[in-house]
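Presented below is the structure to which this report refers.
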Amino acid sequence: MSFLMQHLPMFLIAIPLLMAPATIISKSYPGFQKALDIIVSIGLLALSGLLIYTVWNDGIIVYEVGEFGKYGIVLVADLLSSSMVVLSCLIGCMGLIYSYNYIESKSLNLTYHSLYNLMLAGINGIFLTGDIFNLFVFFEIMLLSSGALIVANETSKVTKISDKMEATMKYIVLNMLGSNAMLIAVTSLYASVGSLNMADIALKVRILAEAGTMPWHMYAIGLLFIIVFAGKAAVFPLHYWLPDVHPTAPSPISAMLSGVIIKIGAYGILRILFVIFSPLKGVYGPIILLLALITIGLGATAAIGQNDVKRLLAYSSVSQIGYVFLGFGMGAIALEAGEIAGGTLIVAASFVYMVNHAIAKSMLFLTSGGIIHHAETRDMRKMGGMINSNPLMAFSFLVGAMSIGGVPPMGGFIGKFSLFDAGLRSAFYLPIAIALLFAVFTLFYMFRGWMLMFWGERDPQYGEYSHHKLSILIVGPIMILAALVFVLGLFGNPVLEIAQTIAIQITDPQPYIDAVLVRVIR
């Protein structure tokens, strides 16, 4: 086994961690700094592809980092975690390229590179860790770095620094409260089962459930974890930070927030609901289902009335993450009822939906940055007729709108159709009916936004559009993601196949537990 393959999971965390000081040291040479960062970012994307290829062919990878307790501190790359790492490295790479022409050069040179790499290291660590305490640690790395990136200066001066500071304060305060709650949950869980290893915890929780000796406080601990991850994902009633943060954050950071960071909450729910607290999914499933339906309706209804393009997309993200959690809730209920095939199909559909939303919404936020640069405003009422002056942005926003709305042949259609079909197969008629109703709302607010910005003519009182042409550094990442939206819609079978395998691994966590625990015991 080569050195690279032997340490592959660690490289995906260690490299961006090392890049943080490296980009600070090289700040006196901005050209070298940019070239180094983009080469490493592309390298990380290649390594993430190698990781998922290896896991798909060889099975779950367990990498031992250090000694703690009976099973040590481990990184675990199963198909779910490796898929999420590919997603974070892809969107992270596109966002970094985009940033080179979007972020003000001084800000980019001094702090942006190092913070961006710390954020990627935290995200990859969250997905790969097999230890519940280190999950908390990586959360903190991701939180602090992403919070600082929200206030990064853009070349466009549309957003006031005071608005950035206010949004950052909301983001940091709410997430710090969530972090405290998570730390309480982690310490309580350790006090109850004597382990921080997620596989070991899952096994002990199962033993307690089978023996009928599950203490009442374990239900509370699981619920606390669900609250924490729901807050990270911007699920009702902890959604209110997202619509304020998105309009003020630089567009590449908005793309990371909506495309990857809120998906961390969904990833956490999958681990808690179906792996660690799997015996209690019948208790938590209806709660998640109810919150998901409220989130879908609230986000879609609020999006209809928005005139700020980024606030529109933010409320859309709230609504769309509700669809992902809808699948989690329905899947948990179906599995608890003994419908193994139906529950697995629903969880697989939720994963497909999550991936397609991540790609399309990241592309839409990057597109919104190009639109704001061109129009010099976020207010869609002050736009109009942009299809003539900026047809590329009109095309890419239309592609994203169609995908989010579930219009074929975009990837979003595959996600929505899969989720609705799986739900109906398991007789979730009322939840699917509600979701379908608000899917119509989604079509309305997305195409209303497109019409306001690109159709008709701009009111002369707002002047002419900027004649500054968008750089290939901005257009390139948008076009790559737009192409992926088409590819995921036209050739969706590989994603569906991976999603089905992920759902089988998640709903039956025994292979994960065996891979981690059946090793040389210390």
Side-chain angles (χ1 to χ4, degrees), residues 1-16 42-65 71-93 120-132 134-135 138 197-200 202 260 263-264 266-271 274-276 278 344 347-352 354-356 358-359 484 488 491-519:
M1 184 182 292
S2 70
F3 180 79
L4 174 64
M5 297 303 296
Q6 186 179 355
H7 301 285
L8 187 54
M10 176 55 76
F11 282 141
L12 286 157
I13 302 170
I15 290 174
I42 293 170
L44 281 174
L45 179 57
L47 288 177
S48 69
L50 181 60
L51 178 68
I52 194 171
Y53 176 81
T54 305
V55 171
W56 178 259
N57 287 287
D58 300 337
I60 297 170
I61 298 173
V62 180
Y63 180 86
E64 195 164 339
V65 179
Y71 298 104
I73 300 171
V74 295
L75 302 177
V76 185
D78 61 356
L79 207 51
L80 172 63
S81 58
S82 56
S83 298
M84 297 303 290
V85 168
V86 170
L87 199 63
S88 71
C89 289
L90 170 65
I91 296 173
C93 182
L120 284 176
I123 291 169
N124 288 347
I126 288 167
F127 293 143
L128 290 171
T129 185
D131 180 283
I132 197 79
N134 284 313
L135 183 68
F138 285 121
N197 184 287
M198 288 193 279
D200 191 29
V260 180
K263 305 304 185 296
I264 290 171
Y267 171 83
I269 291 291
L270 281 172
R271 290 292 188 210
F274 297 107
V275 179
I276 297 177
S278 180
T344 303
V347 174
S350 297
F351 180 80
V352 173
M354 181 167 63
V355 170
N356 279 290
I359 300 295
L484 273 175
L488 290 173
F491 308 99
N493 281 337
V495 176
L496 290 169
E497 186 179 350
I498 291 172
Q500 187 64 29
T501 308
I502 287 172
I504 291 169
Q505 290 183 355
I506 284 292
T507 54
D508 177 19
Q510 192 58 47
Y512 178 93
I513 294 170
D514 290 342
V516 176
L517 303 188
V518 183
R519 297 179 293 121

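When all heavy atoms are compared, the tightest approach of Ala515 to Val62 is O-CG2, 3.4 Å. When all heavy atoms are compared, the tightest approach of Ala77 to Leu128 is CB-CD2, 3.9 Å. The minimum heavy-atom distance between Cys93 and Ile42, with the atom names listed, is SG-CG1, 3.9 Å. The heavy-atom pair separating Pro9 from Leu51 by the smallest distance is CG-CD1, 4.4 Å. In terms of heavy atoms, Met198 sits closest to Asp131 at CE-N, 3.9 Å. Across Ala503 and Ala348, no two heavy atoms sit closer than the pair CB-N, 3.6 Å.
Residue pairs meeting the side chain to side chain donor-acceptor pair (under 3.5 Å) criterion with at least one partner in residues 79-91, sequence neighbours excluded, are Asp78-Ser81, Ser88-Asn124. Here side chain to side chain donor-acceptor pair (under 3.5 Å) pairs that include residues 45-57, with residues two or more places apart or in two chains, number zero.
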As a quick check of understanding, evaluate side-chain contact (heavy atoms from CB on, under 4.5 Å) for Leu270 and Ile502, giving each step before the final call. CA-CA 11 Å; Leu270 281 172; Ile502 287 172; 5.9 Å; no
Criterion side-chain contact (heavy atoms from CB on, under 4.5 Å) on Leu44 and Phe11, from CA distance to verdict: CA-CA 8 Å; Leu44 281 174; Phe11 282 141; over 6 Å; no
Is there a side-chain contact (heavy atoms from CB on, under 4.5 Å) between Leu47 and Ile15? Walk through the geometry before answering. CA-CA 11 Å; Leu47 288 177; Ile15 290 174; 3.8 Å; yes
Check your understanding: Between Phe138 and Ile13, is a side-chain contact (heavy atoms from CB on, under 4.5 Å) present by the stated rule, with each step listed?
Key -> CA-CA 10 Å; Phe138 285 121; Ile13 302 170; 3.9 Å; yes
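Using a 4.5 Å cut-off on side-chain heavy atoms (C-beta onward), Val355 and Ile498 make no contact. Proximity of Val85 to Ile123: side-chain heavy atoms (C-beta onward) are nowhere separated by under 4.5 Å. Under the 4.5 Å side-chain criterion, counting only non-hydrogen atoms from C-beta, Leu75 is not in contact with Asn134. No side-chain heavy atom of Ile61 sits under 4.5 Å from any side-chain heavy atom of Val76.
Residue Ile506 holds its CD1 atom at 4.5 Å from CG of Leu80, rounded to the nearest 0.5 Å. Distance check, rounded to the nearest 0.5 Å: CD1 of Ile264 to CD1 of Ile126 gives 4.0 Å. Note that CD1 of Ile359 and CD1 of Ile91 are 4.5 Å apart. Values are rounded to the nearest 0.5 Å. To the nearest 0.5 Å, the span separating CD on Gln505 from CZ on Phe274 amounts to 14.5 Å. Here the straight-line distance linking atom CG of Leu496 with atom OG1 of Thr501 works out to 11.0 Å at 0.5 Å rounding.
Evaluation of the side-chain contact (heavy atoms from CB on, under 4.5 Å) rule for Met354 yields Met84, Lys263, Ala266, Val324, Phe351 as partners, not counting sequence neighbours. Taking the side-chain hydrogen bond (donor to acceptor under 3.5 Å, both in side chains) definition, one finds that Gln510 meets it with Arg206, Asp514, sequence neighbours left out. Partners of Tyr63 by ring pair (Phe, Tyr, Trp, His ring centres under 6.0 Å), not counting sequence neighbours, listed by chain and number: His7. By the side-chain contact (heavy atoms from CB on, under 4.5 Å) test, Ala199 is found to be paired with Asn197, Tyr512, Ile513, Val516, Leu517, residues two or more places apart in sequence or in another chain being considered.
The backbone N or O of Val352 lies less than 3.5 Å from a partner atom in the side chain of Asn356, making a donor-acceptor pair. No donor-acceptor distance shorter than 3.5 angstrom exists from the side chain of Thr129 to the backbone of Gly125, with no hydrogens or angles considered.
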